[in-house]
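Report on the structure given below.
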Amino acid sequence: MKRLFAVVPLAVAVVLGGFFLWGLNPERDPSEIPSVLISQPAPEFDLPSVPGVDVPGLGRADLTDTPGPVVINVFASWCVPCKAEHAVLTRFVERYGLRLFGINYKDEPKDAATWLSDLGNPYARIGSDRSGRAGIEWGISGVPETFIVGRDGTVLYRYVGPIVGEEAVAKFTTALTQAGALDRELGS
Amino acid sequence: MIRALFLIIMLGLPGLANAVEPDEMLADPNLEARAREISRELRCVVCQNQDIDSSNAGVARDLRLLVRERLTAGDSDTEVIDFVRARYGDFVLFKPPFKPQTYALWIAPFALPAAAFVIGGILLWRARRRASVEALSDEEEALVAEVLARHGRRDEK
């Protein structure tokens, strides 16, 4: 019994040390909000197309019975990092056949149309969410945010922030591969 | 007098700084009061240590409007909170719910001091009992006195 007591300080130190180690991990983002949507069916929403942009709008119905997993990117012309991310997403679409849908969040249609004609439009569908209500349905906290939705309309993955830079792209690519969202293999 | 008035005004000013804009408010003071109450329970997902009632973030404003919309539609307070919770998770609640994942959170502050008291109590009780056990019996006292007396005598030499 006494010997057992002697181990207690060591056990406490190990447990606390474990917590500290976890807390010090630079990979961990303490402000990250866990998404409730993962493994849940995508939320109900129905958005009209952006006037002046020649792709159709986006709704919940477009996410079921898709030929493969789709990516939904929440973007806005006023969002600066979105511009950098746009190049990355475009590359994914052009090289690897990614099916990309967009939610144009709290944006002026005119600005969005100009933005897309300047940078190019990689989105197969874009829903215009002027009030930000669809954004709430998706539980977003800002732009950009990107979701991977499976063929049956289940949300598989969520990425908060711009997918820019080696690390972010690698992380997103892994998620895409796991979801089977890439038609062509990477590197081919 | 002017100074006192100045002080009162200056101290009162921060109270007027409010994130809720006039166009958001509901005409019905009852509903508006309930909306404010709910807003204070909900965390802003952008500025995470602020409630949506005091946050100027765009999403916070959207959520305030949503809360009011649900209230106007006839939702109860719990229904409104559950609506937001379904989309943003327990994270948006300033007061986390009591469920298996949060048992440690809720129980630990009471359980840890209780455990400390119990362990401390046991240790003290044991120490005290040992002290009483270690006290000498009358027989032993007599023996010690005798030994001391004998040695004492020798030391005098």
Side-chain angles (χ1 to χ4, degrees), chain A residues 1-2 4-9 11-12 15-16 18-19 22 29-45 47 60 74-79 81-82 103-108 129-145 147 155 158 160-161, chain B residues 23-24 38-39 42-52 55-70 72-73 75 80-94 96-97 99 101-102 104-105 108 111-112 115-116 118-120 122-124 126-127 130:
Chain A
M1 188 65 190
K2 262 199 184 138
L4 209 69
F5 265 127
V7 205
V8 168
V12 170
V15 169
L16 278 182
F19 272 120
W22 174 76
D29 179 8
S31 63
E32 194 178 277
I33 305 174
S35 179
V36 279
L37 274 181
I38 306 299
S39 310
Q40 300 290 322
E44 283 301 331
F45 70 107
L47 294 172
R60 178 67 178 80
V74 185
F75 73 102
S77 67
W78 47 262
C79 148
C82 292
I103 293 177
N104 188 223
Y105 183 71
K106 289 192 158 187
D107 208 353
E108 288 296 325
D129 182 23
R130 295 196 68 179
S131 68
R133 182 52 56 81
I136 289 181
E137 294 294 332
W138 282 89
I140 69 158
S141 55
V143 263
E145 279 196 23
F147 297 87
V155 180
R158 176 197 194 198
V160 179
Chain B
D23 66 311
E24 295 173 17
I38 294 170
S39 301
L42 295 174
R43 185 196 300 273
C44 165
V45 284
V46 182
C47 25
Q48 298 180 355
N49 280 335
Q50 255 186 320
D51 55 35
I52 61 167
S55 170
N56 292 309
V59 175
R61 182 186 150 89
D62 292 347
L63 283 172
R64 281 198 299 271
L65 289 172
L66 179 84
V67 164
R68 283 165 174 79
E69 192 188 294
R70 302 297 315 175
T72 319
D75 275 14
V80 175
I81 288 177
D82 284 345
F83 185 88
V84 179
R85 201 170 130 199
R87 281 145 188 86
Y88 285 94
D90 290 341
F91 188 85
V92 286
L93 305 177
F94 270 116
K99 58 182 196 180
Q101 286 104 305
T102 58
L105 183 73
L112 287 180
V118 168
I119 292 172
I122 290 175
L123 289 179
L124 276 179
R126 271 214 190 150
R130 196 176 303 139

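In what follows, chains carry the letters A, B, and so on, assigned in the order in which the sequence lines appear, proteins first and then strands, with residues in each chain numbered from 1.
Rounded to the nearest 0.5 angstrom, B:I81 CD1 and B:D75 CG are separated by 11.0 Å. Considering CD1 of B:I52 and CZ of B:R43, their distance stands at 12.0 Å, rounded to 0.5 Å. Here B:Y88 contributes atom OH and B:L63 contributes atom CG; the two are 5.5 Å apart, rounded to the nearest 0.5 Å. Taking CG from B:N56 and SG from B:C47, the interatomic distance works out to 8.0 Å, rounded to the nearest 0.5 Å.
The nearest pair of heavy atoms linking A:P43 to A:R60 is O-CD, 3.0 Å. Heavy-atom minimum distance, B:P96 versus B:L105: CG-CD2, 3.6 Å. Shortest non-hydrogen contact noted between B:R64 and B:S39 is CG-OG, 4.3 Å.
Only the backbone of A:S131 comes within less than 4.5 Å of a heavy atom in chain B; its side chain stays farther off. For A:F5, no part sits under 4.5 Å from any heavy atom of chain B, backbone or side chain. Residue B:A86 touches chain A through its backbone alone, counting heavy-atom pairs closer than 4.5 Å.
Comparing B:D90, B:D62, B:V59 by how many heavy-atom pairs each has under 4.5 Å with chain A, the most go to B:D62.
Annotation: residues 135-142 of chain A contacts chain B through A:G135, A:I136, A:E137, A:G139, A:I140, A:S141 [non-hydrogen atoms, separation under 4.5 Å].
Ion pairing of B:R61 with B:D23 is present here, as a side-chain N (NZ or NE/NH1/NH2) and a carboxylate O approach within less than 4.0 Å.
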